[in-house]
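Reviewing the structure listed below.
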Amino acid sequence: MNKEFNQNEYIKQYNKDNYKKISVYLSKQEFEKLNALLTQNNMSKNELFKIALHLLEEGKIIKEEKDN
């Protein structure tokens with residue numbers, strides 16, 4: 001017997017095989033500030049991350065060293 005095609009299950013499995021999720025813990029103040037800035041710039045969190053990744057790859061952003 002042929003199993004009936006289930007588009008939702010196909011998409012779920014495709015995403016599981018081809019994508020990974022990243023999450024970040026922010027303080028409430030940082031989260032609110034982030035949401036406000038994203039709204040002002042008409043940008044999603046996903047777009048922000050992809051832009052930051054691109055800049056990191058190009059060496060345009062680096063982590064600042066903290067003085068101890």
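Linking ILVMFWY residues whenever their side-chain heavy atoms come closer than 4.5 Å, directly or via other members, places Ile51 and Leu26 in the same cluster. Leu38 and Leu53 fall into different hydrophobic clusters, defined by Ile, Leu, Val, Met, Phe, Trp and Tyr side-chain heavy atoms under 4.5 Å apart, directly or through other members. Taken together through direct or relayed side-chain contacts under 4.5 Å among Ile, Leu, Val, Met, Phe, Trp and Tyr, Leu55 and Leu48 form part of one hydrophobic cluster.
Around the CD1 atom of Ile62, the shell of radius 6.0 Å holds no more than 12 heavy atoms that belong to other residues, nucleotides or ligands. Other residues, nucleotides and ligands place no more than 12 heavy atoms under 6.0 Å from the CD atom of Gln7. No more than 12 heavy atoms of other residues, nucleotides or ligands sit less than 6.0 Å from atom OH of Tyr10.
Applying the ring pair (Phe, Tyr, Trp, His ring centres under 6.0 Å) criterion to Tyr25, with sequence neighbours excluded, gives no partner residue. Legend: residues meeting salt bridge (charged side-chain N to carboxylate O under 4.0 Å, His left out) with Lys50, ordered by chain and number and at least two apart, are absent. Every residue was checked against the salt bridge (charged side-chain N to carboxylate O under 4.0 Å, His left out) condition with Glu64, not counting sequence neighbours, and none meets it. Checked against salt bridge (charged side-chain N to carboxylate O under 4.0 Å, His left out), Glu9 has the following partners two or more places apart in sequence or in another chain: Lys12.
Formation of a donor-acceptor pair under 3.5 Å by the Asn41 side chain with backbone atoms of Met43 is not found in this model.
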Show the atom names and distances, to 0.1 Å, of all donor-acceptor pairs under 3.5 Å that link a side chain in residues 27-35 to residues at least two apart or in another chain.
| unit_1 | atom_1 | unit_2 | atom_2 | d |
| --- | --- | --- | --- | --- |
| Ser27 | OG | Glu30 | N | 3.2 |
| Ser27 | OG | Glu30 | OE1 | 3.4 |
| Glu30 | OE1 | Ser27 | N | 3.0 |

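For residues 13-24, the side-chain hydrogen bond (donor to acceptor under 3.5 Å, both in side chains) pairs, not counting sequence neighbours, are Gln13-Asp17.
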